[in-house]
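Worksheet: the structure to be examined is printed underneath.
Quick note: numbers below take in every heavy atom, side chains included, and nothing from hydrogens, waters or symmetry partners.
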Amino acid sequence: LRDPHNVTFDLSQLFRDITFYSVGSLEKAIRSHEQALLIVRNINDRLRESRIIGRLGFAYRSLGKLDQTLECHKLALSITQEVGNRWNESLWLHNLGYTYRMLGQLNQAFNVYTEALSITQKAASQTSEIKNPDFSILTFTRAIRARQSTILGNLGLLYYLLGQFQ
């Protein structure tokens with residue numbers, strides 16, 4: 001077995017490729033991600049564990065299994081909060097909001113979208129406190145703006161769906 005970190009990365013990339021480029025292979029993608037999950041749990045890499053669980057949620061969503069999606073994203077959020085990664089916390093809150101909206105739970109969606117927006121706005125003013133090795137500060141600033149606009153757009157849709165036009 002190669003370095004577990006590299007194996008995890010390889011399996012995670014495989015999952016992402018299969019999920020987004022070959023919808024007919026979602027079950028294979030889920031199996032690959034479950035393998036990656038076993039590895040990251042074995043090496044106690046909680047941040048990667050949260051990412052893999054969250055991506056499992058995306059696969060379940062693609063299969064229309066929204067209850068499983070919800071559980072995966074709740075678990076990913078919980079782990080992310082445990083490790084203190086606020087940037088990913090806002091991501092999983094946003095994804096929870098989307099899933100709640102798909103389930104027709106609009107008030108719950110509104111609550112988690114609002115929380116995700118609050119965290120993202122704090123990130124915008126405290127970029128030095130948000131540690132994310134995947135981004136440079138410039139790229140991270142752009143990512144913050146993109147996430148803010150996505151969350152605001154989803155909140156706007158919720159206002160519409162709730163009949164709140166003011």
query: What pairs with Tyr100 under ring pair (Phe, Tyr, Trp, His ring centres under 6.0 Å), at least two apart in sequence or on another chain?
result: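 Tyr100 satisfies ring pair (Phe, Tyr, Trp, His ring centres under 6.0 Å) with no residue once adjacent residues are dropped.
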
Does any N or O in the side chain of [X] come within less than 3.5 Å of the main-chain N or O of [Y], such that one atom is a donor and the other an acceptor?
X      : Y      : answer
Tyr98  : Tyr113 : no
Asn95  : Leu91  : yes
Ser118 : Thr114 : no
Arg48  : Ala36  : no

- request: Would you mind listing every salt bridge (Lys or Arg N to Asp or Glu O under 4.0 Å) that reaches into residues 64-82, with sequence neighbours excluded?
  value: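 Checked against salt bridge (Lys or Arg N to Asp or Glu O under 4.0 Å) - neighbours excluded - the pairs reaching residues 64-82 are Arg46-Glu82.
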
message: I need the full list of salt bridge (Lys or Arg N to Asp or Glu O under 4.0 Å) pairs touching residues 89-109, with sequence neighbours left out, sorted by first then second residue.
response: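 Checked against salt bridge (Lys or Arg N to Asp or Glu O under 4.0 Å) - neighbours excluded - the pairs reaching residues 89-109 are Arg86-Glu89.
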
- request: Determine the interplanar angle of the His73 and Phe58 rings, folded into 0 to 90°, and report it as parallel if under 30°, tilted if 30 to 60°, perpendicular if over 60°.
  value: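 Rings of His73 and Phe58: perpendicular, as their planes differ by over 60°.
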
query: So Trp87 and Arg147, side-chain contact (heavy atoms from CB on, under 4.5 Å) or not? Walk me through it.
result: CA-CA 10 Å; Trp87 176 249; Arg147 186 167 296 166; 3.4 Å; yes

Distance in Å, [X] [atom1] paired with [Y] [atom2], rounded so as to fall on 0.5 Å steps:
X      : Y      : atom1 : atom2 : result
Ile151 : Thr120 : CD1   : OG1   : 4.0 Å
Ile52  : Leu47  : CD1   : CG    : 10.0 Å
Leu70  : Arg61  : CG    : CZ    : 11.5 Å
Leu155 : Gln164 : CG    : CD    : 11.0 Å
Thr80  : Leu75  : OG1   : CG    : 9.0 Å

Pairing residues for Ser149 by the side-chain contact (heavy atoms from CB on, under 4.5 Å) criterion, not counting sequence neighbours: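 Residues passing side-chain contact (heavy atoms from CB on, under 4.5 Å) with Ser149: none at all.
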
query: Residues two or more places apart in sequence or in another chain: which of them pass side-chain contact (heavy atoms from CB on, under 4.5 Å) with Ser78?
result: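 side-chain contact (heavy atoms from CB on, under 4.5 Å) check on Ser78 returns nothing, list empty.
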
Should [X] and [Y] be regarded as members of a common hydrophobic cluster, given that ILVMFWY residues are connected when their side-chain heavy atoms come within less than 4.5 Å of each other, either directly or indirectly?
X      : Y     : result
Leu161 : Leu96 : yes
Ile43  : Leu38 : no
Met102 : Trp92 : yes

Over all atoms of both residues, closest heavy-atom pair of [X] and [Y]:
X      : Y     : value
Ala109 : Gly97 : CB-O, 3.3 Å
Ile53  : Cys72 : CG2-O, 3.2 Å
Ala116 : Ser90 : CB-O, 3.6 Å
Ser62  : Leu26 : CB-CD1, 3.5 Å

task: Show your reasoning for whether side-chain contact (heavy atoms from CB on, under 4.5 Å) applies to Ile30 and Glu27.
output: CA-CA 5 Å; Ile30 289 170; Glu27 296 298 335; 4.3 Å; yes

Glu115: partners by salt bridge (charged side-chain N to carboxylate O under 4.0 Å, His left out), with sequence neighbours left out: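 With neighbours one apart ignored, the set is empty.
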
